[in-house]
Amino acid sequence: MEPLIITVALTGAEVKLSDTPYLPITPEQIAKDAIECYHAGARIAHIHVRDSNGDPSADINLFKKVKELINKEVPMLVQFTTGGAIGMSEDERANVLQLLPDMATLNMGSINFGNDVFINSPSFIEKLALKMKELNIKPEVEIYDFGMLETLVYYVKKGYIDEPVWVDFVLGIRGGAPAEANILINMVNYLKMKNIKFYWSVASVGKNQLPMNIMAIILGGNVRTGLEDNIYYHKGILATNLMLTQRIVRIANEINRPIADIDFVINTLNIKSRLNYKA
Ligand code: KMH
Ligand code: ZN
């Protein structure tokens, strides 16, 4: 089977320090977790940052610090969120692109996001997509529901998003598609039917994270794990980012699914920032 690409979503914007003492908050803590997870097999670090109170921040100096600390130690792909936190402005969210991360998220539509509304207007999606294209930043296209699949196809056909597309199915958020095998399989098959060249990963929240990750490993997809999406290892037992990453690697090993090395990820996803891409 194709080598498994593991993304670790280290911090996110929703989990609070009062929920778990293992949530990395400072740039040093976030980078330390990322580096440990790289050594365990993760190849992409999905990065949100927090201010000194532990609240979500859009401060690009914090993003910059995390990127520097990671890049100094390991060749892990640094993926900045453009989703930020609910309530952040479009400028705050888009600002991170100027730091030229290897990757950044591109949320393919608006949804009710738990008790909040996560707004991604067509104009904002297009602005981000074109900016990433211009800056050779590889988008991670976040798909929360079926309608977003058609939006993705639209933007690929319009040339706003280059193939191979890196798609992350985010399932099980109240307001988005449920975390169920048939939903995942149908989403994958829909894109295949549209003749889009893509690779895919799955992220799911809470107790659904592990089953959906296992489903992806078996189906030949890829995995996003990490405390952004789930803080528990087992019911009542808090996890660390490293514990979650190590468990995915063990499961992959059990079914002889090799773990991707960084060059495989760079070449397979055409990460231009690493291919010394000359425009
Ligand atoms: N924190 C969520 C509102 C992304 O990273 O682009 C959005 C999110 C998705 O985390
Ligand atoms: Zn995120």
Side-chain angles (χ1 to χ4, degrees), residues 4-17 19-20 22-27 29-38 40-50 54 56-57 62-63 66-67 70 74 76-86 88 93 96 101-108 113-114 118 138-144 166-173 176 179 199-214 216-217 221-233 238-249 260 265 269:
L4 176 68
I5 301 171
I6 302 171
T7 300
V8 57
L10 298 149
T11 307
E14 288 73 37
V15 176
K16 296 179 184 56
L17 202 48
D19 298 329
T20 170
Y22 301 122
L23 190 71
I25 295 291
T26 65
Q29 289 168 343
I30 295 169
K32 178 174 177 294
D33 267 25
I35 293 160
E36 282 178 0
C37 291
Y38 179 83
R43 297 294 174 247
I44 302 171
H46 172 77
I47 304 293
H48 291 248
V49 294
R50 300 293 181 95
S57 171
L62 295 172
F63 280 98
V66 171
K67 182 172 182 289
I70 293 173
V74 291
M76 192 172 205
L77 294 174
V78 173
Q79 178 193 104
F80 285 162
T81 177
T82 65
I86 301 288
M88 282 186 183
R93 291 170 53 184
V96 295
D102 301 301
M103 304 174 79
T105 57
L106 183 59
N107 292 278
M108 214 34 35
F113 192 92
F118 183 35
K138 184 73 176 176
E140 177 176 277
V141 175
E142 310 293 343
I143 300 285
Y144 300 81
W166 175 243
V167 180
D168 184 33
F169 299 112
V170 185
L171 302 177
I173 289 181
Y199 295 90
W200 61 273
S201 177
V202 69
S204 193
V205 293
K207 65 180 179 355
N208 291 315
Q209 181 184 60
L210 184 59
M212 297 311 289
N213 283 172
I214 293 173
I217 294 170
N222 300 285
V223 159
R224 174 169 120 162
T225 188
L227 298 181
E228 170 167 344
D229 302 325
N230 167 46
I231 63 172
Y232 289 104
Y233 191 74
L238 289 171
T240 64
N241 282 307
L242 181 59
M243 286 164 69
L244 294 175
T245 303
Q246 288 171 327
R247 178 163 61 183
I248 293 297
V249 171
V265 184
L269 302 189

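Because the structure is a prediction, the values reported are computed rather than measured.
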Asker: Are the side chains of His48 and Pro56 in touch, meaning some heavy atoms are under 4.5 Å apart?
Answerer: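 Heavy-atom side-chain distance check fails, nothing below 4.5 Å.
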Asker: Got a sec, which residues hit ring pair (Phe, Tyr, Trp, His ring centres under 6.0 Å) with Phe118, two or more places apart in sequence or on another chain?
Answerer: Phe113
Asker: For the atom pair CG (Leu17) and CD1 (Ile25), what is the distance rounded to the nearest 0.5 Å?
Answerer: 5.0 Å
Asker: For residues Ala216 and Val223, report the shortest heavy-atom separation together with the two atoms involved.
Answerer: CB-CG2, 4.2 Å
Asker: Atom CG in Asn230, atom OG1 in Thr225: separation rounded to 0.5 Å?
Answerer: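 So the CG of Asn230 and the OG1 of Thr225 are separated by 7.0 Å.
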Asker: Does Gln246 have any side-chain hydrogen bond (donor to acceptor under 3.5 Å, both in side chains) partners at least two apart in sequence or in another chain, and if so, which?
Answerer: none
Asker: Can you tell me if Arg247 uses its side chain to pair, donor with acceptor, with the backbone of Tyr233 under 3.5 Å?
Answerer: yes
Asker: Considering all heavy atoms of both residues, which atom of Arg43 and which atom of Ala260 are nearest to each other, and what is their separation?
Answerer: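 For Arg43 and Ala260, the tightest heavy-atom pair comes out as NE-O, 2.8 Å.
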Asker: One pair to check against side chain to side chain contact (heavy atoms under 4.5 Å, CB included): Thr26 and Leu62. What are the steps and the verdict?
Answerer: CA-CA 8 Å; Thr26 65; Leu62 295 172; over 6 Å; no
Asker: Among residues at least two apart in sequence or on other chains, which ones pass side-chain contact (heavy atoms from CB on, under 4.5 Å) with Asp33?
Answerer: Leu10, Pro24, Glu36, Asn241
Asker: Would a 4.5 Å heavy-atom cut-off, applied to side chains only, mark Thr20 and Val15 as touching?
Answerer: yes
Asker: To the closest 0.5 Å, what do you measure between CG (Asp102) and CE (Met76)?
Answerer: 11.0 Å
Asker: So, Asp229 side chain and Gly226 main chain: donor-acceptor pair closer than 3.5 Å or not?
Answerer: no
Asker: For Gly114 versus Ile173, what's the shortest heavy-atom pair and its separation?
Answerer: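 Shortest heavy-atom contact: N-CG2, 4.2 Å.
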Asker: State the OG1-CD1 distance between Thr7 and Ile5, to the nearest 0.5 angstrom.
Answerer: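 It comes to 7.5 Å.
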Asker: Can you list the residues that meet the side-chain contact (heavy atoms from CB on, under 4.5 Å) rule with Ser201, with sequence neighbours excluded?
Answerer: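 Applying side-chain contact (heavy atoms from CB on, under 4.5 Å) to Ser201 gives Trp166, Asp168, Asn222, Arg224.
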Asker: With respect to Ile47, which candidate in Thr11, Val8, Ile70 satisfies the side-chain contact (heavy atoms from CB on, under 4.5 Å) definition?
Answerer: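 Of Thr11, Val8, Ile70, side-chain contact (heavy atoms from CB on, under 4.5 Å) with Ile47 is met by Ile70 alone.
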Asker: Flag the pair Leu23 / Leu227 as yes when at least one side-chain heavy-atom distance between them is below 4.5 Å, and no otherwise.
Answerer: yes
Asker: Just so I know, are the side chains of Leu4 and Val249 near enough to count as touching, which here means a heavy-atom distance under 4.5 Å?
Answerer: no
Asker: Working to the nearest 0.5 Å, report the span between CG of Leu77 and CD of Glu140.
Answerer: 11.0 Å
Asker: For Gln209 and Gly206, indicate whether the former's side chain and the latter's backbone hold a donor-acceptor pair under 3.5 Å.
Answerer: no
Asker: With a 4.5 Å cut-off on side-chain heavy atoms, are Met103 and Ile44 touching?
Answerer: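 Ile44 reaches Met103 side chain to side chain.
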Asker: Going by heavy atoms in the side chains, are Leu171 and Met212 under 4.5 Å from each other?
Answerer: yes
Asker: Which residues satisfy the ring pair (Phe, Tyr, Trp, His ring centres under 6.0 Å) test with Phe63, sequence neighbours excluded?
Answerer: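 Per chain and number, Phe63 pairs via ring pair (Phe, Tyr, Trp, His ring centres under 6.0 Å) with Phe80.
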Asker: Working to the nearest 0.5 angstrom, can you tell me the gap between Leu242 CG and Cys37 SG?
Answerer: 5.5 Å
Asker: Which residues pass the side-chain hydrogen bond (donor to acceptor under 3.5 Å, both in side chains) test with Glu142, sequence neighbours left out?
Answerer: none
Asker: Just wondering, are more than 12 heavy atoms of other shown residues or ligands nearer than 6.0 Å to OH in Tyr22?
Answerer: no
Asker: Run Lys16 and Asp19 through side chain to side chain contact (heavy atoms under 4.5 Å, CB included) and show every step you take.
Answerer: CA-CA 5 Å; Lys16 296 179 184 56; Asp19 298 329; 3.5 Å; yes
Asker: Do Thr105 side-chain atoms and Asn107 backbone N/O form a donor-acceptor pair below 3.5 Å?
Answerer: no
